[in-house]
Structure formats: structure tokens, C-alpha cells
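Note that the structure is a prediction, hence the values are computed from the model and not measured.
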Amino acid sequence: MKYDFNRIENDWQKYWADNKTFKAVNNSDKPKYYVLDMFPYPSGAGLHVGHPLGYIASDIYARYKRHKGFNVLHPQGYDSFGLPAEQYAIQTGQHPAITTETNIKTYRRQLDQIGFSFDWSREVRTSNPEYYKWTQWIFIQLFESWYNNDTNQAESIDTLISKFSSEGNAQINAECDDDISIFSSEEWNSFSSEKQQDILLKYRLTYLAETEVNWCPALGTVLANDEIVNGVSERGGHPVMRKKMTQWSMRISAYAERLLQGLDTIDWTDSLKESQRNWIGKSVGASVRFPILSFPKGEAKSDSSQPAGYMTGGNNSHLLIERAQEMRANPTKAEAALWESLRGKKLDAKFRQQHLIGDFIVDFVCLDKKLIVEVDGKIHENQIEADNARTLRLENDYYKVIRFTNEEVLGDVESVLEKINKELSQRESIKSNQQSSEQHKSEKVLPLGKDLGWDIEVFTTRPDTIFGVSFMTLAPEHELVSRIVTDEQKTEVEAYITATAKRSERDRMADVKTISGAFTGAYAEHPFTKKPIPIWIGDYVLAGYGTGAVMSVPCGDQRDYDFAKHFNIPIPNIFEGVDISEEAYGSKDNVKIANSDFLNGLNYKKASKTAIYELEKRGQGEGKTNYRLRDAVFSRQRYWGEPFPVYYVNGMPQMIDKAHLPIVLPEVEKYLPTETGEPPLGRATDWAWDTKNNKVVSNNLVIPTEGGTTDEESHNGIYPLELNTMPGWAGSSWYFFRYMEDKANRDEAFASEDALKYWENVDLYIGGSEHATGHLLYSRFWVKFMKDRGFVNVDEPFKKLINQGMILGTSALVSRIGIQFPSKPDQDVDKSLFNLTLFVSENESEKCKEKKEKEIEGFISKREAQIKQKYPDMNIIRATRIWPMHVDVSFVNASDELDIEAFKNWREEYKDAEFITEVDGTFKVSREVEKMSKSKYNVVNPDAICEQYGADSLRLYEMFLGPLEQAKPWNTAGITGVHGFLKKLWKLYVDDNGLKVNDAEPTADNLKTLHKTIKKVEDDIENFSFNTSVSTFMIASNEFTAQKCTSKVILEPFLILLSPYAPHIAEELWNRLGNDESISTAPFPKFEEKYLVESSKNYPISFNGKMRFTLELPMDMSKDDIEKTVMAHEKTIAQLEGRTPKKVIVVPGKIVNIVG
RNA sequence: GCUGAAGUGGUGGAAUUGGUAGACACGUUGGACUUAAAAUCCAAUGUCCAUUAGGACGUACGGGUUCAAGUCCCGUCUUCAGUACCA
């Protein structure tokens, strides 16, 4: 009887479906085990052999666990919202739901034929309203929650509101936007409802905010960071730009620390955890504030332009004095002229030139009368502001400031002097008031830099190197840049900013080597040394990370070092005994700090701690932890996604009550954005929310809210709905909970409390590594949130996770020789005569080469002759080129030989192609391993494999290819190996007369083979080493065959071992052995050591570590006896050639090694 | 650059604790069966030398530890994956 796999597989698949063999129950005496695959997006292309790899592995594990006595949940479903169905809809007008439905049918058929033990009664589809109802519900929960840093968990927004109304927000330690002002409970209670909503939005875990997003114009939507690869979209490779848009965001950053800590509690690969750690990007360090001095060094005062404002802060008089001296030495013409007159004592008072008053240098001052005279050049706008601020402060100190322009002074010095004189006389009377107001004055004086918030705040992980700061660098986009830049530097800085803005994100990323930047002319003050530090801008500082500004320590950071070298900025060394003449010393280890005042001699740890302490003492900084993880943008300008349960009243988002969910995706006539740039939902005619009747109604009923009317009546209580949809990761962030409940019972909740309690979380999760930072991070975030709010009981969704490796295609390439005979087109020629399509076989041997060259030449000259004959006058020029061309792998056999006939029929253009073959008439292709792709014709469809070899062969072969987690090439030819094994296995049980198996007593060898196989297979499955199990089956089957084993007590348990891998044949034979029940829950055979105990061992006898021969010796022989026996052996004597060994190593049961 | 994984026959891979390197397959070669092909079965198959017996060399490269190293240690190179001016 033949192994009729097609019949067998069909029958058993039907049996499993009919008997609901794999239906999981939500209560059982057995321990639970939850095995999950990452659910697929049902693409139109269907499955190729790479897709089922992970499913086969998880199925083997699920089936194994059933044999081991577990109540196994092994569900499957579809991540059915997504771009391809929408793109297809845009092109064809077909509703994405229809496309999706069709694709799912194909997927289901393909999955079914492989014989998976899925419990389909729990299927989910993210695009089903009954499913996304709960996605919307979770969104509402997020909206109605805030993150309390004191309790370190999410809480209902109600607790926040009650805190606001009882104590205001000053004491609240929440994860929230950073632009929130402090208010008291009275203020809160007096705020309008709209203002309150506005404030609450800044605290909610999902919030609406104008954010800079990754906008992909080609796709017409925003993309998350993990949807962008190398600066272009993951799907389609379209360019991505930064754009400001109002979007829903998820406050995942609130969970950064817990997402990081949670990694230590789960069994994932190190590389995956590392990816997540990188993505979260925790750095511990300090936040430091550097006051801006805005005191440009070396700035020349010229005729035409006036120096920038003299705004300063902190104690820097030494610098100002230096500066004043410089200015005195280089007066402008007007200043020189006026000084001439003032000094010439034409007036009654004593004036000083370029004198220091407080933090300011003034042009001229009469100290007695507190009169300041300023001579201004052309004043820039922002300098007026600065000068006004300065004037204000000086006036606080009871100085009077009068101003003249250069022109006034140079034109008519006399009238200027007259004005000064007049002021001097008026100042007499004011002088007396001064003392009485002294008290008042001291209250009002503030350090100006601080007053205006003109600090530069930086984040550093190396506060220990703070004395190594020799400059600061701001991102070109930093908001302070335009305010601190000096006139001199303005042109340069502006040019630099423009140049940077022009460069795309991608260029900036690609070109890291080029150092660029510009000096702003401004200075900041070092918090400890009080020395001025030049402020630069440079695009190596990113606006999006930290504060968008850095304190540059060239001796300790290579980027700062390179920047400093490039712009000739000093590089002070603050490391003890480290040479920094070539490069920065970036390490934190093995070094002590030097030239750093109170930090001298300390190591990284102590110095950092001390520096932070000192900064805190001075109020100029504090210890801080920074995360790279950004809040996740949650809006997509797409049709085929979950609609938001949100409507807007006067621009403020409102949640639709849970009772009215789901809000079903509306119909649109086209799936493109509207002409006005709104998302596709903007095309829906019925997309407004009727708050009275709680239903979606026509847009026409919405009365425009112009003029700010807020009363319900004027709207009829009907408001516009949100036009964005949710991103792909919304539905996939919680689907594993939905499976916990049977379809029949999941209307009331996303899953019942009992179900959630019973199944807890996924014990084993298998899927691709491409989700390392997307799906796997978002899911963890949502689960933690749901745990906080008491909706689920677990902290982590996936206890153990394995990434299956990619299966690559083995492309087949032929060498094509194209020959063209260019001719003048004016003639009406037979074109087919001029193009020759010639393929040449790939084999490289010399003999063939000669033959082939000859033949190629033959073909070409023959054609030339034909042309000559037809067009005798034509001047023929021959042009030849060879290029490799992909051919469909299905035309190629295991020996890399091309089926020429099949290839000719592939395409019309190859019908008359010529082939130059090997000597034996075969045509060889060359092979290349690359990603499976339609365009490379190397995609292998599992349908064809199942048809030709059967699902069991496919399952075994996919496992046999290599380790699960490793990428490996597919080569269909190799499947004959495992298929042959199944045929042999069949013959072990069944022959032409029917069943061979009988009640024969097992031999010792039979038992040994069986138990060795039990042990190996069990260990392999536990270690997910599925490839080695397959060879173990082959070995066992070969041994049983050699042993002519027919014993049922051996061959029956062997089927259970095989059943997870090749379930159909196992069921069939199991059934033939007389079992009525499915094999699927038969207990896994118990391994018994006693059958493996050997009486003797074939010892390898080594000489100096090299094995020379083997010797069969009893297992219980003593060490001494082994040595004696071996030494007496004739082969030993021959090996030694009379030498006396120095040493003999005997490891009983292992090896004998003779040294000498 | 950083992080992680890896490098073994013609190919996929095995060797899980340092103890006979190349299991199990594919492919190749030869043979049996057959009119023939397919299927099936048998044998050989790391490289080199040798008629045989046997020997030398072999796990990316260079060192080291050990009676013994694919496995452990140091250094170098290469490949793949992820990530990237993250301060």
C-alpha cells in the first residue's frame, strides 16, 4: 500500500475540523499553555514558503505541549487593517473590506492545508467592527487616564480633576506636556470648561497636540519612527519629511522606565531586548543651565554698526572691563567726536567713556548726575528690544539714559552737547529722591539673563567633565539662536540655518563626516569658573533630543573634538595622564579628572555625583535621566483603519460614550485625501455625531461654528467626527487578550475576567524580528496601561519570544547573450533578423568553454550571413553583451539544470531563443541566495509543495533546513530527503498486505533506539532545536528498518514523538494501529534511562591527541585495566614504535589519550 | 561608529559539559533493477599524498591555555542583522 499523503492529509484535516480537536477550553484540570504566532496581514500575494516557518514551529510546540498534558491555547487571526488593501482600493475602487475578505479566504485555505492545530473558534480580525469596538474602547480609556509619577501608574482622569479642584496643580507629579503653567484650586474652579479641557488634554495618556511628524507625501500620511527605514518609508521607500501637524499622540514616554525594567522579567533574546533598550534610550546624567552672557569677544565696533546689546548676567565684570578697554581703544567716529567735546570740559560735569555700570558698558556716563549718554549706529530690531531692556534696568538704578545717533553727533555736536547740558541741569533735582527709594529698588533688581529666561539648558551624561567645556553648541533650529546671535554673526548664522534646513533628514544622516557650524557671537557663562563660553550652532546637535543644546567637551567627546579642531576652538584636557592630541577620550573608565577645581582626582562616578551636587547647590542644574523614546503619533490620514470614537465641539475633542461603540468606518466614494487635503474620511457624507440620538448622522446637519457659538442649541447637538484613523499598531497591541475568549462570549467585554485570569499572558510568542521596536513595544505599553487601570492582570504580554529567521530564495540565473546588428532604420527591414536571443549554460570547465565560444561564434556568423544575403549592401556592425537574467526557479531541477522547453514557453520573446548547452546536452543555471521576491522569480508557493510532497513533508523540511532563528535559503530540491523519509516510515508500518505492526516482543536494540529518540526529541523541542529532531527521526526510522522492528510497543509511541512534526501521517498510522481517538492528546512517551545503559564502549585511542584507532572495552572496566589493555594492544605498540609514553590519560567511558 | 549574531565539505547544516570534526540530508560519482525513463535499492564522497597498508593537512586568520580546542582566552579579518551625530 502506497503512502497516499494527499488523501491522508485531507482526511485528517477534515477530522480535526469536524471534531473541533484543537478547541481550547477556558477551564481545565490541566495546566494552561498559550502559544501564539504574530498574526499575519492577509496580503493579496498569499503565503510563500517563508511565511509558515514560524507557524510550523509554534504548532510543533503547541502539539508537544498537548502531549505533555497541557491545556493549550493556540489561536490565529488576521491583522486586517493596513495599507496594501487601501492602495488597491485607490487603484481599483474596490472596497478594502472586500479585498481583505478575499485575501483572508486564500490565507485560510493555505493555512488549513498545512495542518495547523489552530483553534479557529477564537479567530480575530482587527478590521471587524466587533473587534475594533474594543480598540476604540481602549483608546477612550487612555484618554480618560493620566500618569501619576508618585504612584508610578496610570490613574483615572477623575482623580486628577479632583486634585485640581482641591489643591491646584502645583503639587502634582504627572507625566505631561512641559508647557503647563501653575494654577491654584480657585483658579481651576474659575476656569471655563473649555480651558479646563484644554489643560486636561496636556495630562491625558492620549492627547491631541501639534507635533512635528514624519510626513510622507507619496503615501499621504504620517509615519511612526519605526515605519521609517534609512530616511524613507518602510513601505514603498518614499521620501519622508518633517512637518507640523495636530495629531493624536500616545504618552508612551510615561512608561519608558517600566518598559525598560520589564525586559529583565521576560525570556526574550538578548538582541531583541537590546533593540528595545536602544529604542528607549535611557541615559543618566545631569541637566545644566548656562546663563547667556551675550558678550561677543573680539567684536569690532565699526562706524556703520553698533554693537549688540550689552546684556549680561552673573559675575563677569573682569570680562566687561576688558571689553570696555577694548572699546575705548577703538571708538567710532561719532564717539570720538563727542568724547573730544565732553573731555574738553565744555560742560560742567565729569564724564567717563565706555564705563561699566552694573552688568553694562555704557558709552558715556556722568556718575555724579547718573546720566548716561549713548551714541547709536543703525539699530536692529531685536537690539531695540535688548537696549530697551537695558534702559529699563538702568532706570531702575536711577540712571537716566539719553541717546543720540551717529549722524546727530557728527552733524552738530554743539546741539548734542546742549541737550546733554539740559539733562544735567534737570538731574539736580532728582538726586535728592534717591535715598528714600533705595528699599524699593533692591526688590526690583533681578539678574537679567534669568529674568528673561535666557539660559541655555543642556543635558549631559558626563557632568564630571564640566570643566572641560570650551564651547556650547545649539541645534540650528534652537529657539534661542535668533535671539542671541550678534549682528556680526547674523549673516553667517542665517546662511548656515538656511543651508541646514535645505538638507533633508536623509542627507544629514548620510553625511556625518562633514563638520559644519557657525559662531553666534554670543557667550554663556560657565557655572563654576564663570568664564565666558562661546556659543556655536551646528547640525551635529539634534533639535529632537534632550534640549537641542549641548555643552561641548572636546577632550571627552569625539564629535565635540572634531568640531573644535575644525573651528580652532581650544581643547582643554581635564583627564589625568591621557593624551588627547589625536582624539577625544570618550571612556568613563580608568581615568581621573584633572584641571577641574573641586573635581580633581575623582573618578567618573564620584566626579559626576559631586558636580551634580554643586550644580544643585547653585541652582544651575540637577541630576536627570533622559529617554530617547518619544511619544508615539497615533493619527493616520488613511481610510482603512480604526475610526476614532471622537467628535469635536469648538475644536475640543470629545469622547463618544462607550455604550455607543463601535463607531463604524463610514463609506466613501474614493479612498484618496480630499481636494482640501483632508484625510479620506473627509469624503464621507455621513460623518457627524448626533449627541442627542447618539448616532452617526449626515454632515449636513452640522452647523458651522463660526463666531464661536458654543451653545448646544445652535448645533442641534450635532458635531463633526474625527477624520483621522488609528495606525496599524492599534489593533495589534491587544489582540492576544481577545483570543482568550471564545467568539460566542465576547460581546460584553474584550474578554471576560475569568478568561483573562485563566490565560494570563502568552507563554510562547513566535514571529519576525522586524517588530522588535514597533508592535512589541507598543503592546507592552498598552498591557502595562491596562494593568494599571485594572483591565488585565499581567505586566507583560509575552513571556517567551522567539524570532524565526527569514527563509531566503535561491534564485536561478541564466547568462543571456544579446546581439544586435545596428542598421539604418530608413530601410524597411525584417527586425527579427537583427535581434538574436542566445542563452549560454553556466558551467565553467575549460572543455565546455571552448565548445561554447565556438557555438556562440557560429550562431552570430550564421545570422550575419543571413542578413548579408537579404540586405547585401548593409554595413553590419556587431554589438554583443552578456548579462545574467533571473528565471523562474520552477524550471530548474536539483542539479541546476534548466528545463529548456518550459523556459521557452514562459514568454513569447523566448520562443525562438537559442541555447548553448553543456557537452552532455544539459543547460546549467547559476544560483544566488537572496530575499524571496516576485521580481526575482524565486518565490516558492507552499500549495505546490503540499500538492507534490504533502504538508507533512513541507513541515518537516521547513524545520530540517536549519535552526529556527537563523536565516537560511530555500531549495525545493532538498525536500526529497524528508519526503523519502516519510515514505520509508510508511513502509515500516504498512506493506502491500496492510499493517506490518504486531505484538512482537521488543528487542533491546528496539528499546534503545526508541528511548534514545524520546530523549533527543524531548530535549530538542524544549530547546526549540527542531532541525535536529528531524534527523533524529530519520536515524530512528533507519534503525528500526535495519532491526526489522514490527513491535507495536515500540512503533506506537514513536508515532507520538513524530506527531507534532508530521501530524497527518502520525494520525493515520495511529488510527491503523487500532486507536479510535486522535493522537493529539496521547501522553508523550516517558524516557527511561535503563534502556540506554551500555555494557561496553568503543573507546577512541588517541596518541598525542590524535585518534588512531578504536577499541571496544567493557563499560565497567577499571581505569587501570583500561590502561593495561590499551598498552598491550598490538596497534598501540605499532603506534609507539618502541617509545615509552610519558603519560596515559584514561577517562572512563570517554577516551584514552597516550602522550609521548 | 556602536550593539548583537555568526564564520565548519560542492550545498543546508550536526557536534547541547573541552574528549572519535563533518551526524542527517541535498548534490555528485559508480553500480543494481528496467527496452527506456521515473521510482526504488546498494556503494563511494573534506582536501592532498600513496598501488595498497597508511600518512599529512583540515572548523575565517594569527597567537595562547590544555594530555586533548570547532568549543576556553587574547588579537586580527570577514559576513549578516539592528541602530546611528542620543550629548
Taking OP1 and OP2 of rG13(B), is either one under 4.0 Å from a side-chain nitrogen or oxygen of Gln966(A)? yes
Using OP1 and OP2 only, check whether a side-chain N or O of Ser283(A) sits under 4.0 Å from rA87(B). yes
Residue whose closest nucleotide on RNA chain B lies nearer the 5' end, Gly962(A) versus Gly974(A): Gly962(A)
With rounding to whole Å, what would you report as the distance between rG12(B) and rU28(B) at their C1' atoms? 16 Å
Quick test of your reading: applying side-chain hydrogen bond (donor to acceptor under 3.5 Å, both in side chains), list the pairs with at least one residue in residues 1097-1109 of chain A, sequence neighbours left out, ordered by first then second residue. Asn1098(A)-Thr1110(A)
rG27(B) - base-pair partner by Watson-Crick or wobble geometry, distances under 3.5 Å: rU45(B)
Taking syn as any angle within 90 degrees of 0 and anti as the rest, which one fits rG58(B)? anti
How far does the P atom of rU34(B) sit from the matching atom of rG19(B), given to the nearest Å? 50 Å
Complementary nucleotide for rU40(B) - Watson-Crick or wobble, under 3.5 Å: rA32(B)
Scan every strand shown for a Watson-Crick or G-U wobble partner of rA14(B), both distances under 3.5 Å, and answer none if you come up empty. none
Is a donor-acceptor contact shorter than 3.5 angstrom present between the side chain of Lys1150(A) and the base of rU20(B)? no
Tell me if the aromatic rings of Phe563(A) and Phe471(A) count as close, with their centers under 6.0 Å from one another. yes
With rounding to whole Å, what would you report as the distance between rG1(B) and rG9(B) at their P atoms? 27 Å
Distance between P atoms of rG4(B) and rU11(B) (Å, rounded): 30 Å
Can you list the residues that meet the side chain to side chain contact (heavy atoms under 4.5 Å, CB included) rule with Glu1039(A), with sequence neighbours excluded? Thr1009(A), Lys1012(A), Ile1035(A), Gln1043(A)
Can you tell me, in whole Å, how much space there is between the P of rU17(B) and that of rU71(B)? 14 Å
Roughly how far apart, to the nearest Å, are rA56(B) and rA50(B) at atom P? 16 Å
Establish, with yes or no, whether the OP1 or OP2 oxygen of rC86(B) is under 4.0 angstrom from a side-chain nitrogen or oxygen of Arg462(A). no
Write down the distance between CZ (Arg927(A)) and P (rU28(B)), rounded to a whole number of angstrom. 12 Å
Strand partner of rG75(B), provided both Watson-Crick or wobble distances fall under 3.5 Å: rC61(B)
For residues Phe1033(A) and Tyr1061(A), establish whether the separation of their ring centroids is below 6.0 Å. yes
For the C1' atoms, the ones on rA53(B) and on rU66(B), what distance do you get once it is rounded to whole angstrom? 33 Å
Result for 5'-nearest mapping on RNA chain B, choosing between Tyr545(A) and Lys1097(A), is Lys1097(A)
Under 3.5 Å for both donor-acceptor distances, Watson-Crick or wobble: does rG1(B) have a partner, and if so which one? rU83(B)
Could you check whether the rings of Phe1024(A) and Phe1026(A) sit parallel, tilted or perpendicular, using 30° and 60° as the cut-offs? perpendicular
rA69(B) and rA44(B): how far apart are their P atoms, nearest whole angstrom? 30 Å
